[in-house]
There are 2 protein chains.
Amino acid sequence: MTRETPARPTIYDVARRAGVSKSLVSLVLRGAPHVSAARRQAVLAAIEDLGYRPSRAASALASQQTRSIGVLIDDFRNPWFVELLAGLRSVLDPAGYTVSVADFQLEAASGRNPVDGFLAQHADALVLAAEPDAALLGEVPVPVVVAGVRELGPATLPEADVVAGDDEHGGTLATRHLVELGHRRIGHITGRGGPAAHRRRGYERTARDAGLEPFVAGQDGGTAEADGYAATVRLLEERPLLTAILAANDVMAVGALAALRERGLSAPSDVAVVGYDNSPLAAYRYLALTSVDPHSRDIGAEAARTLLTRLEQPDAPPRPALLEPTLVIRSSSGA
Amino acid sequence: MTRETPARPTIYDVARRAGVSKSLVSLVLRGAPHVSAARRQAVLAAIEDLGYRPSRAASALASQQTRSIGVLIDDFRNPWFVELLAGLRSVLDPAGYTVSVADFQLEAASGRNPVDGFLAQHADALVLAAEPDAALLGEVPVPVVVAGVRELGPATLPEADVVAGDDEHGGTLATRHLVELGHRRIGHITGRGGPAAHRRRGYERTARDAGLEPFVAGQDGGTAEADGYAATVRLLEERPLLTAILAANDVMAVGALAALRERGLSAPSDVAVVGYDNSPLAAYRYLALTSVDPHSRDIGAEAARTLLTRLEQPDAPPRPALLEPTLVIRSSSGA
DNA sequence: TTGAAAGCGCTAACAC
DNA sequence: GTGTTAGCGCTTTCAA
């Protein structure tokens, strides 16, 4: 009533101008099936003329659906999420969903449960681009799809759909690449969590298959740059003669580069380095990391499709999807 | 009515259980001023017991306020936004606002106007952590605060509050640092846009004051890593004897490192490199960029406070805030 | 194919 | 201080 609100047009206004009832307008709005072309045109025209925008609040209240999807990113500082998000939006946007993203680290730091935040917003569903945490996810009343993270047995959400890259295979690809380059002493830096564990497994199996002894560091550390550095320092202390290092992700690989340099070693001439995620970081010329590409954009798109399906068929059995990663070769591996 | 909705408790249920009217519950919910302690307790208890969560849709509809703030980030791949966002949330969260973020690049790529997205969601206000674009912002019916970007005259939104770092002074700090280190041939790589322009100005003035000839490249390019690389290549072609380079931001600085290396030069031994933003990138050990710290977290917090004030007093005159940057010295400048 | 009418859950006067 | 009462703008049966 104040000057604040220049009286946004409502569905009533549209109906009046188009000479129809508001129900009809509502139908047109949602791409109704059985509306005469004439009326539809009239409604569309009225909408256009008035500059009408439906009120999300009202429709959410009436329909009990917000048409919004919460996306929980593990850590904004690890840029692997960028493509994932692009993929998600490429299908969610056209479907009329709004996506709102939050950063797990940030939320957790302030003592909040990020999932609660989304629930408070009444998101219709959640995308978890992070390690699912049973504690946090205890009682989520909406569909959840885990994207980009292939879960380990016990932590699995019984109800959740999973769309991820085949991390174990990715670990294999990277390791095989190194083996084919002639490396015999290949180390691996890893961290806590499911994705790292799968990648590690791929590394270990492939190394053994090639008759090499796997050597891993950082198993109970984090997966950030500093953790990559620290793990590499330890790795080199115990195995000074390594000629190659596979990192559980790109940022850790950057940490590894630092540790190598401090020892007077450089990549790829002394030690080959391979990352994982093919994040924007890997493409930086100065780093030029050979990296496993999980095809995060595709994962995002597929996750979104899965979500849409789930929303339509809440009771369908979850069908986990595992995308095949590929290897992007840049100079850090000396290939 | 389907099994879908396990009948979420409403304000009615709370009221009944607490033995009060729903208005009273509503009052308590919003930290009412004049409610008796006893009743308040009863209401709070009932809320707790029932696991009640207010419906945002309903309250938005009734109050015409969504209590949500849209934050528009320039580019998710440039991690300077992380701290800014943390600062924003540190004050918006406690104030009961939800922040939803979008990435300008991503939105633009899909041909959407990101501001429209927020308006469709009926955000109560917008934070622009990006260059304000008059075209996009034409008719924004809600308060806007520009955060982290100090605007240039003509592009200025008449109505917008601005909270930014003093980029010109930052440029000065960085340049002075280099001068004090004894450098006489200092180049600068820059790009389009306001922040870069201010930083450049600080560089140019300080260089001249020190009796040095400023030399700038990349003026009409972008501000990503590849642009930093390209600008440095040109810089070095024309001024092969430079001993220091100031970049308009950290990612460009990383691009510069690559260009230097390709010419057989390294930082800091041959050429000192300084970045800007003090983003997570700068702190990577492998990069260890000396960088101007705009104190993005503080900027975010201040921007949020400004927003809150504006929301209460829509007609108060804008009061731009300019925070003082500091210099974070790491090894890339050889100090 | 279209319209009427009853809410969705909450806020905000206004009474009491 | 606390309760009553209208809506907020849309969706959704149910009739027509």
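In what follows, every heavy atom counts, from backbone to side chain, and hydrogens, waters and symmetry copies are set aside. Just so we're clear, the structure is a prediction, and the values are computed from it rather than from any experiment. Throughout, a chain's letter reflects where its sequence line sits, starting with A, and its residues are numbered from 1.
- The residues A:Arg17 and A:Asp49 are annotated as salt-bridged, a charged nitrogen and a carboxylate oxygen being separated by less than 4.0 angstrom.
- Side-chain contact between A:Asp13 and A:Tyr52 is absent, with no heavy atoms from C-beta onward closer than 4.5 Å.
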Given protein heavy atoms under 4.0 Å, the one-letter contact record of nucleotides 10-16 of chain C, with B base, S sugar-phosphate only and - none, is simply BSB----
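- Here the closest heavy-atom approach between residue A:Ser100 and residue A:Gln121 is recorded as OG-OE1, 3.6 Å.
- Side-chain contact annotation: B:Thr98 with B:Arg56, donor-acceptor N/O pair under 3.5 Å present.
- Between B:Arg39 and the phosphate of D:dG1, there is no side-chain N or O to OP1/OP2 separation shorter than 4.0 Å.
- Between its opening and closing five pairs, the helix from C:dT1-D:dA16 to C:dC16-D:dG1 changes axis direction by 30°, a value rounded to 10 degrees.
- Between A:Leu29 and A:Ile47, the closest side-chain pair of non-hydrogen atoms falls below 4.5 Å.
- Rounded to an integer number of Å, the gap from A:Gln64 CD to C:dG9 C1' is 8 Å.
- The separation between A:Leu61 atom CG and D:dT12 atom P is 12 Å, rounded to whole Å.
- Between the P atom of D:dG9 and the CG atom of A:Leu24 lies a distance of 20 Å, rounded to the nearest Å.
- Atom CG of A:Leu126 is separated from atom CG of A:Leu119 by 6.0 Å, given to the nearest 0.5 angstrom.
- The side-chain heavy atoms of B:Leu88 and B:Leu84, taken from C-beta on, include a pair separated by under 4.5 Å.
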May I have the step-by-step check of ring-ring contact (aromatic ring centres under 6.0 Å, His included) for B:Phe81 and A:Phe76, ending in yes or no? CA-CA 9 Å; B:Phe81 78 88; A:Phe76 276 153; 5.5 Å; yes
